[in-house]
Structure formats: structure tokens, C-alpha cells
Amino acid sequence: MRADVLRETLHRIGNAAAAAGRPAPRLLAVAKTQPATAVAELAAAGQRAFGENYVQEAAAKRAALAGLDLEWHLIGHLQSNKARDAAALFDWVQTVDRPKLVPALARHRDPARPLNVLIQVNIDDEASKHGCRPEEVPALAAAVAAAPSLRLRGLMAIPAPHPQPERRRDAFRRMRALFDALREAHPRADTLSMGMSDDYALAIAEGATMVRIGTALFGPRRRREPGAGDPAP
Ligand SMILES: *Cc1c(COP(=O)(O)O)cnc(C)c1O
């Protein structure tokens, strides 16, 4: 039962946080490739925040679940030409990683309902990964903070999938240091989004305030239906 899996996952998150002497982070349920019915089951069990990687896939699910009070987070790469749709559809965008996206999102959002924004950092400096360089965070954060229709909430990262947990721990630790520095300039930034199904306990130990979990909640990802959404990144 999905409700049991959710309860068990929240329990593990709580234990990891208690072991680290930290408050429990928020759980973002990553629903990419999963049907709206699976989202509805988790929502019925009390889960409210859901992550999607593709704008069109999220639009379809959000429309199918319009009666539910859910919070939708974009966690996939955002192309500039999708910024308008993303600004209208999501409650959070976790993947702002270049200056151009800031006005593109801000323009299409009502300042009465600001869009929550995380800056995505390419913390392991991987050529294949999206995300800004750590040294680019202050300027990008200042740009987001200056836009009345955006609300700077913090940072997000997807560290390299290094098989040695210690190497990932180091990336989480560097993200925590960046987050602490960000908070000196922007004290209202409250979110450090890091940790996925196979490493969330480590991320929590290093200070994650939000973990993004897909397969551990939903099981293996479904194959994407042709034409169902945006091209894969
Ligand atoms: C898919 C995805 C996740 C969830 O990954 P799992 O290993 O299935 O938990 C988290 N964050 C991002 C950015 C993702 O694309």
C-alpha cells in the first residue's frame, strides 16, 4: 500500500533527522513518469508536495487532480521557452540556474502570488549537468530576490552519483556551506533541497531541509509515453 510506504519513508526521514539532531526536512514526492492516480493515492495519505521534471507532464497531472490542494515543484531543467508555462503552473521552481530565467519567470507571475525559487547549483562541476557554479550563486540570488513576483527560498543540488557515500557527503557539506553563506545575505531563505531515494539520510545528516524522493515512494519509474511531454533532457 502506498500509504504504508509513505508512512515508512517519513519515519526513516524522521529517524535520520533525529540522529543528526536536526528538524525533519520536508518530503517532496517526485512523481515523474507516474500516473495521476499514483499521485492521488499519496495525496489521500497526506502527502502535499509533488515534484515533476517536465512542464507538459505536470500540466496534465495538475489538470487531472485540479480538485486537490497540492503544491507542485519543477525539479527538471527549465528551457527558456517554457518559462511562461512554468511560471503559471508551478508553486516552486527548483532549477533556476542562469540569469536569463529570472526575468522570463518573473514577467509571467503575479506578484500577489510570488513563485518560490531555488537556485540549482552544479556542485560537482559536472560538464553534463545543469546548475550554476557555486561562485555564481550570489549574483543569481540577488536577481531573484529583487524580483517582486519571485521569492528566493534557497538552493537545490543533484550531486554526482558517486558510489562512495563519503564523496557524496562532501558535496552535501559544500552545499550546506553555500546555503549558510546565502542566508547571511538573504535571511529568509529557508530551503536546502538535496537527497534522493538512495542518499537522503546522508543529505539530512548534512543539513537538507527538503528531500526529493521518487523510486522509494512510487517504485521504479514508468516508461514515458511517446508524445506525453517534453523531450527528455
Ligand atoms: C528523479 C529525480 C529525483 C528522485 O530520484 P529518486 O532516485 O527516484 O528518488 C530527485 N531529484 C531530481 C532532480 C530528479 O530528477
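Counting starts at 1 for both ligands and their atoms, following the listed order.
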Checklist entry - Counting N and O atoms only, with roles assigned by atom type, does the side chain of Arg22 sit under 3.5 Å from a partner on the main chain of Ala205, one being a donor and the other an acceptor? => result yes

Next on the checklist: If we count only N and O atoms by modelled type, under 3.5 Å, do the side chains of Glu52 and Trp72 hold a donor and an acceptor together?
Outcome noted: no

Item to check | Taking every non-hydrogen atom, the tightest pair across Leu27 and Gln47 | outcome: O-NE2, 2.8 Å

Checklist outcome for this item: atom 11 (N) of ligand 1 has as its nearest protein heavy atom Arg212 NE, 2.8 Å

Checklist entry - Quick one: does ligand 1 sit under 4.0 Å from the side chain of Ile75, the backbone, both or neither, non-hydrogen atoms only? => result both

Checklist entry - Which residue holds the protein heavy atom closest to atom 14 (C) of ligand 1, what is that atom called, and what is the gap in Å? => result Lys32 NZ, 3.0 Å

Item to check | Option from Arg174, Met175, Arg169 for which side chain to side chain contact (heavy atoms under 4.5 Å, CB included) with Glu206 holds | outcome: Arg169

Next on the checklist: Please work out, at 4.0 Å between heavy atoms, whether the side chain, the backbone, both, or neither of Asp198 comes within that distance of ligand 1.
Outcome noted: neither

Next on the checklist: Looking only at protein heavy atoms, which one is nearest to atom 10 (C) of ligand 1, and what is the separation?
Outcome noted: Met196 SD, 3.2 Å

Checklist entry - Which atoms of ligand 1 sit under 4.0 Å from any heavy atom of Gly214? => result 4 (C), 6 (P), 8 (O), 9 (O)

Checklist outcome for this item: Taking only non-hydrogen atoms of Thr215 and a 4.0 Å limit, the atoms of ligand 1 in range are 6 (P), 7 (O), 8 (O), 9 (O)

Next on the checklist: Looking only at protein heavy atoms, which one is nearest to atom 9 (O) of ligand 1, and what is the separation?
Outcome noted: Ser197 OG, 2.5 Å

Checklist outcome for this item: Numbered in order shown, the ligand 1 atoms found under 4.0 Å of a heavy atom of Asn53 are 14 (C), 15 (O)

Item to check | ligand 1 contacted by Arg221 (non-hydrogen, < 4.0 Å) | outcome: yes

Item to check | Distance-only polar pair, side chains of Arg151 and Asn116, donor-acceptor under 3.5 Å | outcome: no

Item to check | Polar side chain donor-acceptor pair, Gln79 to His77, under 3.5 angstrom | outcome: no

Next on the checklist: Only heavy atoms of Val30, strictly under 4.0 Å: list the atoms of ligand 1 that pass.
Outcome noted: 1 (C), 2 (C), 3 (C), 4 (C), 10 (C)

Checklist entry - Only one of Ile75, Thr215, Leu217 forms a side chain to side chain contact (heavy atoms under 4.5 Å, CB included) with Val30, so which one is it? => result Ile75

Checklist entry - Distance only, no hydrogens: is a donor on one side chain within 3.5 Å (strictly under) of an acceptor on the other, for Thr95 and Gln120? => result no

Item to check | Atoms in ligand 1 with a heavy atom of Ile158 nearer than 4.0 Å | outcome: 13 (C)

Checklist entry - Does any N/O atom on Ile213 come nearer than 3.5 Å to any N/O atom on ligand 1? => result no

Checklist entry - Would you say the side-chain atoms of Arg26 pair up with the backbone N or O of Val211, donor to acceptor, closer than 3.5 Å? => result no

